[in-house]
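Taking it in order: structure first as C-alpha cells, then the write-up.
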Amino acid sequence: MARNITPKDKNFSEWYLDVIRAAELADYAPVRGCMVVRPNGYGIWENIQAVFDRAFKETGHVNAYFPLLIPNSFMEREAQHVEGFAPECAVVTHAGGSELEEPYVIRPTSETVIGHMYSQWVHSWRDLPILINQWCNVMRWEKRPRLFLRTSEFLWQEGHTAHATREEAFDETFKMLDVYRRIMQEELALPVLYGEKSENERFPGADNTYSCEAMMGDKKALQAGTSHFLGQNFARVFDISFQDKNGEKAYAWTTSWGVSTRLIGGLVMTHGDDDGLVLPPRVAPVKAVIIPISGDEGILRDKLEPAADKMTGELNAALGGICVKTDKQYHMRPGDRFFHHLQRGVPLRIEFGERERDSGRVTIVRRDTSKKESVSMDSLAGTVKETLETMQKDLYEKALDFRESNTRDVGNMEELKEFFSPDGPGGFARAYFAGSPEDEGEIKYVTGGATIRCIPMDDESRGKCVYTGKPGARRTIFAKAY
RNA sequence: CGGGAUGUAGCGCAGCCUGGCUAGCGCACCUGCAUGGGGUGCAGGGUGUCGGAGGUUCAAAUCCUCUCAUCCCGACCA
C-alpha cells in the first residue's frame with residue numbers, strides 16, 4: 001500500500017491529486033488555474049495525440065494551425081456562442097506598450113476565426129468539404145480548476161469541417177463521434193456511452209451536440225469528447241457561402257469536434273488504484289521496465305546490465321518503439337525500484353536477477369493484478385506482447401463491469417432522488433425523459449446535481465417519462481458529472 | 001464566484017486559543033556499516049524566508065487586514 005497516496009474511498013479528490021503528484025504527471029503553474037504538464041504526463045498526451053491523429057487522417061482530415069488571438073468582434077457575431085463563452089474568456093487589451101483598438105480574445109475554441117477563413121476559401125460546391133483539424137491550446141477561465149479536468153489553459157484538438165449538405169455534415173458529426181468512441185475504448189480502455197446531449201448541455205452555437213461519456217472511479221460521469229452539428233449558424237454569420245450545382249447561393253453546413261488533455265484525467269480516474277497510476281499499455285509511454293537485481297554490484301554492471309539492455313533492445317524492436325526501458329537506479333533497493341515504476345503506472349515490470357540469468361528466465365509482473373509469471377527469455381517478446389494485450393482488454397473489461405454494476409434503471413422521481421441521495425448508490429441512472437430544459441433543471445436541483453449526460457444512440461427503447469409521465473420518451477443517462 | 005475548513009522542512013502533522021529562549025515531531029533526505037526479489041536495520045547528520053503581502057507590538061507561526069492555493073458544499077464548464 002502506498003504511503004503517499006490518500007486511499008480512493010477515503011477522499012477521491014485527494015486521491016486523484018496524490019496520484020498525479022506521485023506519478024509526476026503535472027504540477028501547478030505560477031498562473032492561476034494553469035498547470036505544467038510534466039514529461040510523464042506529456043508522454044501520455046503524445047500517445048493519445050498519435051492514435052487520434054492517425055484516425056483523423058484515415059478519415060480524410062488534414063492538420064492546420066489558426067491564430068491564438070481572436071478579434072473580439074468575431075466572438076460577438078454568433079449570439080449563443082458569445083453568451084456561452086464570454087464569461088470565461090481571457091482578453092488581451094494591451095500590446096506593444098499601448099491599448100489595442102480592438103481587444104483580442106484568447107481562443108476558448110476556434111469556430112469563429114476558422115469560420116472567417118473558411119468564408120474566404122469556399123466559393124464553389126467544388127471547394128467542399130473542408131476537413132481540417134488543429135492541435136493547439138485554448139483558454140477558458142474556469143472558476144474551479146482541477147488538474148487535467150478543468151484548467152484555465154488546456155491542450156486539445158479541434159476538428160472543423162464544412163460541407164455542402166446537411167446530410168453530409170450530420171454524417172461527419174456521427175463519424176467523428178464514432179472515431180472518438182472507438183479510440184477511447186480500444187486505445188484508452190475507457191468504456192463510453194455515446195449519444196446526443198440535452199438542450200441544456202449543448203455547445204453554444206450548435207444545433208446538436210453529441211458526446212462520449214465515461215464513468216470515473218467515484219461513479220461520476222466525465223464528458224470525454226464532443227462532436228457538434230453546427231447547422232448553418234456559423235456559416236451564416238461568417239458568410240461561408242458558395243454556388244451550388246444549380247448556380248444558387250447556399251450556406252455551408254459545419255461541424256466541430258474535440259478531445260482534450262482531460263482524457264488524461266479520465267485515464268487516472270478510471271484505471272488508477274490506491275498504489276497510484278495504472279496505464280493501459282497502448283497509451284503508456286513506458287510499457288515495460290526491465291529491472292536488473294543483484295546484491296553484487298560487479299555482477300549487476302558487468303553481467304546483468306548488458307543482458308538487460310539486450311532484452312530491452314529486442315523488446316523495443318518487437319513492440320515497434322522506444323517503450324521499454326532498463327532500470328539502472330542501482331542506488332535504490334529493489335523494493336523502492338519496483339515501487340517507483342508501480343506508482344508511475346508502468347504496465348509491466350520485468351525482474352532480472354541472478355536467479356533468472358542462471359535459469360534463462362525472467363519474472364514479469366503486471367501492474368494491475370500484481371500477478372507474477374516466470375517466462376523463458378527466448379519467448380520474452382511474444383509473452384510481453386501478449387500480456388500487454390491481455391492487460392489492455394482486462395482494464396477495459398474491469399472498467400466496463402464497474403460502470404455496468406453502477407448503472408440502474410430508474411422508473412420514477414422518487415427512485416431517481418433516492419438513487420442520487422447522499423445515502424443512495426449513485427452512478428448512472430437510466431431513465432426515460434421527455435421533459436423540458438426547465439424540467440431537467442428541476443431534476444438537477446432535487447437530485448443534488450444529476451443531469452442528462454447523453455441520450456444513448458444505440459438505445460432505441462421508448463418508455464414513460466420519469467418527470468412528466470408522458471409515454472414514448474427516449475431513454476437517457478442521468479449522472480453527476482465533472 | 002458564494003458558504004465552510006485548511007495552509008508550519010520533500011510528505012504527514014504538533015505548536016496558534018492565552019504573542020516571548022535558538023520553531024518541534026514522524027516519514028523522507030545525506031553519511032557510514034550491515035542489507036537487498038513489494039517501501040530495510042542501526043548509528044550519526046542536514047533541512048524551514050511558519051503560503052504571500054501589509055499592519056498592530058519592545059517582540060508575530062501565534063493577533064488584525066488583504067491576497068493566493070487546496071479540500072468539502074453550491075453556481076459555471078472540455
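By convention in this document, chain letters (A, B, ...) are assigned in the order of the sequence lines, proteins followed by strands, and residues within each chain are numbered from 1. Note that these values count all heavy atoms, side chains included, but never hydrogens, waters or copies made by symmetry.
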Could you tell me how far B:G15 sits from B:G54 if I compare only their C1' atoms? Round to whole Å. 24 Å
Short N/O separations, protein against nucleotides 5-12 of chain B, under 3.5 angstrom:
none

Mind checking the CG-OG spacing from A:Asn137 to A:Ser152? Nearest 0.5 Å is all I need. 12.5 Å
Lys/Arg-Asp/Glu bridge criterion (N-O < 4.0 Å) met for A:Asp178, A:Lys175: no
Would you say the base of B:G37 and the side-chain of A:Glu356 have a donor-acceptor pair closer than 3.5 Å? yes
Identify the heavy atoms of A:Ala224 and A:Leu263 that sit nearest to each other, and give their distance. O-CD2, 3.6 Å
Establish whether the base of B:G38 is bridged to the side chain of A:Arg349 by a donor-acceptor pair shorter than 3.5 Å. yes
Whole Å only: how far is the CG atom of A:Asp358 from the C1' atom of B:G37? 14 Å
Please list, pair by pair, any protein nitrogen or oxygen found under 3.5 Å from a nitrogen or oxygen in nucleotides 44-48 of chain B.
none

Do A:Asn133 side-chain atoms and A:His61 backbone N/O form a donor-acceptor pair below 3.5 Å? no
Can you check whether A:Phe203 and A:His228 have ring centres sitting under 6.0 Å from each other? yes
Just name whichever nucleotide pairs with B:G12, Watson-Crick or G-U, keeping both distances under 3.5 Å, else none. B:C25
Measure up the A:Phe52 and A:Phe56 rings against each other and bin them: parallel (under 30°), tilted (30 to 60°), perpendicular (over 60°). tilted
On a whole-Å scale, what distance lies between the C1' atoms belonging to B:A75 and B:G3? 12 Å
Within this structure, what is the CG-to-P distance between A:Asp273 and B:G38, rounded to whole angstrom? 17 Å
Closest contact, heavy atoms only, A:Asp336 versus A:Met332: O-CE, 3.5 Å
From CA spacing to verdict: side chain to side chain donor-acceptor pair (under 3.5 Å), A:Thr255, A:Thr161: CA-CA 5 Å; A:Thr255 82; A:Thr161 69; 2.5 Å; yes
Examine distances only and state if a side-chain atom of A:Tyr210 and a backbone atom of A:Met176 form a donor-acceptor pair shorter than 3.5 Å. no
Who is the Watson-Crick or G-U wobble partner of B:G37, with both distances under 3.5 Å? none
Give me the distance, rounded to whole Å, that separates B:U35 from B:C42 when you measure between the C1' atoms they each carry. 11 Å
Pairwise P distance for B:A5 and B:G46, with rounding to whole Å: 40 Å
What is the minimum heavy-atom distance between A:His271 and A:Ala399, and which atoms define it? CE1-CB, 4.5 Å
Hey, is the side chain of A:Asp336 pairing donor to acceptor with the base of B:G38 inside 3.5 Å? no
Looking only at heavy atoms, which two atoms of A:Ser260 and A:Phe154 are closest? And how far apart? CB-CD1, 3.7 Å
Distances under 3.5 Å only, N/O to N/O: pair up the protein atoms with those of nucleotides 76-78 of chain B.
residue: B:C76; atom: OP2; partner: A:Lys444; partner atom: NZ; Å: 3.1
residue: B:C77; atom: O2'; partner: A:Glu142; partner atom: OE2; Å: 2.6
residue: B:C77; atom: O2; partner: A:Arg150; partner atom: NH1; Å: 3.3
residue: B:C77; atom: N3; partner: A:Arg150; partner atom: NH1; Å: 2.9
residue: B:A78; atom: O3'; partner: A:Gln223; partner atom: NE2; Å: 2.6
residue: B:A78; atom: O3'; partner: A:Arg262; partner atom: NH1; Å: 3.0
residue: B:A78; atom: O2'; partner: A:Gln223; partner atom: O; Å: 3.3
residue: B:A78; atom: O2'; partner: A:Arg262; partner atom: NE; Å: 2.8
residue: B:A78; atom: O2'; partner: A:Arg262; partner atom: NH1; Å: 2.3
residue: B:A78; atom: N6; partner: A:Thr151; partner atom: N; Å: 3.2
residue: B:A78; atom: N6; partner: A:Thr151; partner atom: O; Å: 2.5
residue: B:A78; atom: N3; partner: A:Ser260; partner atom: OG; Å: 3.3

Report the distance from atom OH of A:Tyr445 to atom P of B:C73, rounded to the nearest whole Å. 17 Å
Distance between P atoms of B:G7 and B:G12 (Å, rounded): 12 Å
Taking the ring of A:Phe238 and the ring of A:Phe74, is the distance between their centroids below 6.0 Å? yes
Rounded P spacing from B:C16 to B:C64 in Å: 14 Å
Base, sugar-phosphate, or nothing for A:Thr109, non-hydrogen atoms under 4.0 angstrom? nothing
Which atom pairs link the protein and nucleotides 68-70 of chain B when you take only N or O atoms and keep those under 3.5 Å?
residue: B:A69; atom: OP1; partner: A:Arg32; partner atom: NH1; Å: 3.3
residue: B:A69; atom: OP2; partner: A:Arg32; partner atom: NH1; Å: 2.7

Mind checking if A:Lys372 touches a base, just sugar-phosphate, or nothing, with heavy atoms under 4.0 Å? sugar-phosphate
Kindly say whether the aromatic ring centers of A:Phe478 and A:Phe433 come within a distance under 6.0 Å. yes
Counting the benzene-type ring for Trp, do A:Phe174 and A:Phe170 have ring centres under 6.0 Å apart? yes
Classify A:Met139 by what it touches in the nucleic acid, base, sugar-phosphate, or nothing, heavy-atom distance under 4.0 Å. nothing
Nearest-Å distance for atom pair CH2/P, residues A:Trp15 and B:C72: 13 Å
With A:Arg367, the side chain to side chain contact (heavy atoms under 4.5 Å, CB included) member among A:Val346, A:Leu348, A:Leu395, A:Val278: A:Val278
Taking the six-membered ring for Trp and the full ring for Phe, Tyr or His, determine whether the centres of A:Phe234 and A:His81 are under 6.0 Å apart. yes
Does A:Glu373 pair with A:Lys371 as a salt bridge, N-O distance under 4.0 Å? no
Sorted by first residue and then second, give each side chain to side chain donor-acceptor pair (under 3.5 Å) pair with at least one member in residues 43-52 of chain A; sequence neighbours left out. none
What pair of heavy atoms forms the shortest contact from A:Ala23 to A:Asn40, and how long is it? O-ND2, 2.9 Å
Which of residues 276-300 of chain A sit near RNA chain B, with a heavy atom under 4.0 Å from it? A:Ile293, A:Gly295
Atom-pair distance (CZ on A:Phe12; C1' on B:C71), nearest Å: 15 Å
Using Watson-Crick or G-U wobble geometry with both distances below 3.5 Å, tell me the partner of B:G44, or none. B:C30
Expressed as a whole number of Å, how far does the P atom of B:U62 sit from that of B:A9? 15 Å
Distance check needed: B:C72 C1' versus A:Lys480 NZ, whole Å only. 13 Å
Taking atom C1' of B:G37 as reference, at what distance in whole Å does atom CG of A:Leu304 sit? 12 Å
With P as the reference atom in both, quote the distance from B:U47 to B:G10 in angstrom, rounded to an integer. 13 Å
Length of the line joining A:Tyr16:OH and B:C72:P, which is rounded to integer Å: 12 Å
In Watson-Crick or G-U wobble terms, with both distances under 3.5 Å, the base opposite B:U6 is B:A69
